[in-house]
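All remarks here apply to the structure that follows.
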Amino acid sequence: MSEFIPPKHIGFIMDGNGRWAKLRGRPRNYGHKKGADVIEAVVKHCHDRGVKAVSLYAFSTENWSRPKEEVDFIFDILRRFLKKYKKKLIANEIRFLISGNLAELPEELRAQCEDCISATEVFTEKFLNIAINYGSRSELTRAVNALIASGKKEVTEADVSAALYTSLLPDIDLVIRTSGEQRLSNFFMWQCAYAELYFTDVLWPDFDDKELDKALDWFASRGRRYGGI
Ligand code: FPP
């Protein structure tokens with residue numbers, strides 16, 4: 001059997017929390033809470049299987065259109081998650097990154113994100129990147145404006161990559177989207193240019209090690225040619 005080469009970077013579109021809760025006659029926020037509860041195990045299993053970087057889509061620039069109560073609840077889950085998880089990031093030598101515009105987030109959440117980023121900046125082997133207030137078009141527009149402001153008349157692909165939130169990370173080579181939807185939804189479109197796209201009907205709160213192993217087996221079976229033959 002040929003040796004398993006893990007994806008270097010997996011992006012998760014964690015979809016289906018609301019439907020998971022509805023199936024149980026519970027409010028949508030219950031689904032978000034359960035969705036947050038599975039994250040730690042999934043990230044650990046990714047790193048254990050040799051994946052260097054994990055990106056999670058937690059809150060998109062489009063998610064502001066949800067009811068304020070739901071937006072506040074998701075921010076509250078993120079605050080609780082970071083409070084509990086900071087020590088584990090350090091103990092497990094995981095570098096924490098955020099993709100997205102932190103300036104528009106509640107002050108306390110922004111400060112916690114910045115604290116986790118600086119507390120883990122010495123680590124280089126494993127990464128957790130959370131996309132909050134993130135959209136790929138907004139990220140690319142911000143990058144172009146930064147490049148113009150730097151005085152460049154012409155840019156290379158490497159310049160653009162370096163101006164993105166993910167400048168420290170390899171390209172995403174596997175996207176996993178749960179809940180049966182088959183879209184990228186403004187998720188790291190530049191970084192996913194050559195990614196394999198894996199869609200599963202499993203709802204995010206039910207996603208676990210076994211489901212991840214299935215996705216990794218599927219990834220291993222794909223022939224990756226990057227436009228060659
Ligand atoms: C999509 O499900 C999920 C979200 C928009 C929020 C994801 C947030 C979390 C899992 C919790 C916080 C994250 C971290 C990193 C701690 P949906 O609400 O669109 O579900 P539906 O399509 O079934 O309605």
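First listed ligand is number 1; within each ligand, the first listed atom is number 1.
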Which residue and heavy atom of the protein sit nearest [atom], plus the separation:
atom	answer
atom 4 (C) of ligand 1	His32 CE1, 3.9 Å
atom 12 (C) of ligand 1	Ile77 CG2, 3.8 Å
atom 8 (C) of ligand 1	Ala58 O, 3.7 Å

Number the atoms of ligand 1 from 1 as they appear, then name those within less than 4.0 Å of a heavy atom of [X], with their elements.
X	result
Met14	1 (C), 2 (O), 3 (C), 10 (C)
Asn63	5 (C)
Arg28	17 (P), 18 (O), 24 (O)
Leu78	13 (C), 14 (C), 15 (C), 16 (C)
Phe81	16 (C)
Arg19	21 (P), 22 (O), 23 (O)
Ile130	15 (C)
Ile39	13 (C), 14 (C), 15 (C), 16 (C)

- Verify the distance criterion only: is there a donor paired with an acceptor across the side chains of Thr178 and Asp15 at less than 3.5 Å? no
- Is it true that Phe188 and Tyr134 have ring centroids separated by less than 6.0 Å? yes
- Distance under 6.0 Å and angle within 45° of ring axis: Arg24 vs Trp20: yes
- Item | Cation-pi geometry met for Arg49 and Phe4 (6.0 Å, 45°) | yes
Between [X] and [Y], is there a donor-acceptor pair closer than 3.5 Å when you use the side chain of the first and the backbone of the second?
X	Y	value
Asp201	Ser179	no
His9	Pro170	yes
Asn63	Ser60	yes

Quick check: [X] and ligand 1, any N/O pair under 3.5 Å apart?
X	value
Gly18	yes
Asn17	yes
Arg66	yes

- Task: Kindly assign one of parallel, tilted or perpendicular to the pair Trp64 and Phe59, based on the angle between their ring planes and the thresholds 30° and 60°.
- Result: perpendicular
- Item | Side chains of Ile39 and Val42 in contact at under 4.5 Å (non-hydrogen atoms) | no
- Item | Whether Gly16 lies under 4.0 Å from ligand 1, heavy atom | yes
- Message: Quick test of your reading of the model: are Lys126 and Glu93 salt-bridged, counting only N-O distances below 4.0 Å?
- Response: no
